[in-house]
Amino acid sequence: MLKLLKRMRLREIIMCMICSVFLLGQIYFDLRLPDFMSELTVLIQTPGSQIADVWITGGKMLLCTLASAVLCIACGYLAAKTASGFTYGVREDLFTHVSTLGQQEMLGFSVPSLITRTTNDITQIQMVIAMGLQAIIKSPIMAVWAILKILGKSWELSAVTAGFVVAICVSVTLIVTSVLPRFRIVQRLTDKLNRIARENLTGINVVHAFNAEQYQNDKFDVTNREMKSTQLKNQRTFAALQPIMGLGMNGLSLSIFWVGAALLGAMPASDPAARLTMFSNVMVFSTYATYVVMSFMMLVMIFMLLPPAEVSAERINQVLNTVPVIKEGTKQSSPEVGTIEFRNVTFRYPEAADDDLRNISFKVGKGQTLAVIGATGSGKTTLVSLIARFYDATQGEVLIDGVNVKDYTFDALYNKLGYVTQKAVMFSGSVAENVAFGESLKDTRTEDINHAISLAQASEFVSKMEGGIEHKIAQGGRNVSGGQKQRLSIARALARNPEILVFDDSFSALDYRTDKVLRAGLAKELADTTKVIVAQRISTIRHADQILVLDEGRIVGDGTHEELMKNCAVYREIARSQLSEAELAQ
């Protein structure tokens, strides 16, 4: 928690300091009230006292109460501003940092867990700061100040108060220590519930199609019951706090009056002034002792919120302290344009048992088309992921325009690439915002957006949408079909006017006609753009300048369609499984 609080900005620190000053003033006015009560007691018991003196003392008490109330309101406002401002900064830092993480780190945390940390965990921190800032500062100061006020009045009464305080502190410590590990379990279960709910909502059509509603409900119920059981244990443990504090407060008051009565009874009746002083001290002592216990009661409320907040802070720090494996280089220029080269590249996923790619070497020149084909799991997507530097090669080098991808700045590398993912991703917003996506395209002209849409063969359906390119795309692209999403995803890559276009099995959602027209348009209008096409269909890649055939992470064929039909058995098998001899002969 303390590590996270170090991220507090100057503005929040200043508000905390002002709040602390106001709290000191509030404590001062609160602790003046027992002194005035003592004066009233003496005035009432002293013969000849004037009613005006009582009114003056009562007026002072009223002013102290009003001043304390005003300062309390000001502190509450500042605490809320501090909490919201601090968590705003943390949430922004967390979101920004997650955006810099690579695939390896994302898989390590999991998407549901990162969502929970960005929302629920930060809310826990905000709640503790908003509700606890005053109590954390006020309670110790008030307790110490009150103790100092009563120390010199009676050692017997001081001993009784100290005994109760020690007993309360020990009880609270034991309770908090016992529930802290279970709060960590609760946070992990929250991640799990988030994951199950997310999977169920994302795949709701599959759930319905396979009549798996009850199966999903049972799976959710197991985790939900486990979370309920853990939370009940925590709340049952915390339930003991209030009775302990109530017993402590009432027991302390009773003990003080009982000891005070014994002390008064032991004093000689011939000294009424001393007895009056003792009586006044007992009343003041009782009030100050109540302040001490009330301070601990406020701390108990914070202790009930602190354990989950402490766990949340650990989880947030865990993400913020994660250093991305992929680090940015310094180069922004290159000696070549539109070239790709792999030099003896081997790659293994983190914690995998075997290499996914082995000794991959090839080179593609400017304007050429490289196609990659192979069986499922042969390493096609992994290969193009290394071009975009989603991962770094375990061995060997990947060069773009004659420079190792590790040496480029991220901006320099990604400005060279237009990457179309295997699964089309749409963001909530207009068609134009999805096509002109990214900081580098925010000033893209309407003509350029329309040209990219036309080249991607998306004009046919975009023109029929209400508002055209200003038509709103729902979250996740729910209001467009799979093929439409794929074409818009291709248009997004084309709008960048990149040196290199990478299509990761991006034509599989397109029909044969659209596939053919799109490839013809790319060949005609982007003749100088290097293209890398991962595909399953021979018809998509048969006219490529160079075709790589992958099998179990190795290149088993490299050449044109005609060459591979002659000398690559794997390619020949794939081709004949898709096309007839007559089609292959054309």
Side-chain angles (χ1 to χ4, degrees), residues 329 331-341 364-371 384-390 398-403 405 408-422 424-427 429-460 462-463 468-470 473 484-507 510 514-515 517-534 540 543-545:
K331 289 190 176 181
Q332 297 185 354
S333 59
S334 56
E336 302 174 7
V337 177
T339 64
I340 305 171
E341 184 177 3
V364 184
K366 178 183 178 181
Q368 291 184 331
T369 299
L370 171 72
V384 294
S385 295
L386 298 181
I387 296 175
R389 210 188 169 199
F390 296 152
V398 178
L399 290 83
I400 300 293
D401 294 347
V403 177
V405 291
Y408 280 116
T409 63
F410 291 142
D411 285 345
L413 175 62
Y414 293 122
N415 283 337
K416 294 176 179 290
L417 301 176
Y419 194 95
V420 185
T421 56
Q422 189 171 10
V425 177
M426 291 287 105
F427 300 90
S430 67
V431 172
E433 289 170 343
N434 271 277
V435 173
F437 182 75
E439 186 69 21
S440 59
L441 295 178
K442 64 181 181 180
D443 296 323
T444 304
R445 297 178 303 172
T446 303
E447 310 89 81
D448 297 328
I449 294 173
N450 285 323
H451 180 261
I453 290 173
S454 175
L455 189 55
Q457 305 304 307
S459 296
E460 177 187 354
V462 170
S463 61
I469 63 172
E470 297 303 323
I473 300 294
Q484 290 172 340
K485 282 196 290 186
Q486 196 66 68
R487 281 178 277 179
L488 289 175
S489 182
I490 293 171
R492 181 164 57 208
L494 297 177
R496 297 177 66 85
N497 295 317
E499 298 175 12
I500 299 168
L501 275 169
V502 180
F503 300 95
D504 182 9
D505 201 9
S506 310
F507 298 97
L510 307 180
T514 304
D515 182 349
V517 175
L518 174 56
R519 285 185 290 106
L522 293 177
K524 179 181 178 180
E525 298 199 30
L526 301 177
D528 292 333
T529 302
T530 306
K531 305 165 201 67
V532 179
I533 301 175
V534 173
T540 302
H543 299 296
D545 299 301

What are the two closest heavy atoms between Val398 and Ile387, and how far apart are they?
CG1-CA, 4.4 Å
Search all heavy atoms of Thr369 against all heavy atoms of Asp545 and return the closest pair with its distance.
N-OD2, 2.7 Å
For Lys531, give me all partners under salt bridge (charged side-chain N to carboxylate O under 4.0 Å, His left out), at least two apart in sequence or on another chain.
none
Sequence neighbours left out, what passes salt bridge (charged side-chain N to carboxylate O under 4.0 Å, His left out) with Glu499? Give chain and number order.
Lys416
Minimum heavy-atom distance between Asn450 and Ser459, given as atom pair plus value:
O-OG, 4.5 Å
Is any side-chain heavy atom of Thr540 closer than 4.5 Å to a side-chain heavy atom of Phe503?
no
Any idea how Phe437 and Phe427 line up, ring-wise: parallel (<30°), tilted (30 to 60°), or perpendicular (>60°)?
parallel
Pairing residues for Gln332 by the side-chain hydrogen bond (donor to acceptor under 3.5 Å, both in side chains) criterion, not counting sequence neighbours
none
Set of residues satisfying salt bridge (charged side-chain N to carboxylate O under 4.0 Å, His left out) with respect to Asp515, sequence neighbours excluded:
Arg519, Arg537
Ignoring hydrogens and angles, tell me if any N or O in the side chain of Thr530 forms a donor-acceptor pair with the backbone of Gly338 under 3.5 Å.
yes
Nearest heavy-atom pair of Thr529 and Pro498: which atoms, and what distance?
CG2-O, 3.6 Å
Which residues pass the side-chain hydrogen bond (donor to acceptor under 3.5 Å, both in side chains) test with Glu525, not counting sequence neighbours?
His451
List in chain and number order the residues that pass side chain to side chain contact (heavy atoms under 4.5 Å, CB included) with Gln457, two or more places apart in sequence or in another chain; answer none if no residue qualifies.
Arg487, Thr514, Val517, Leu518
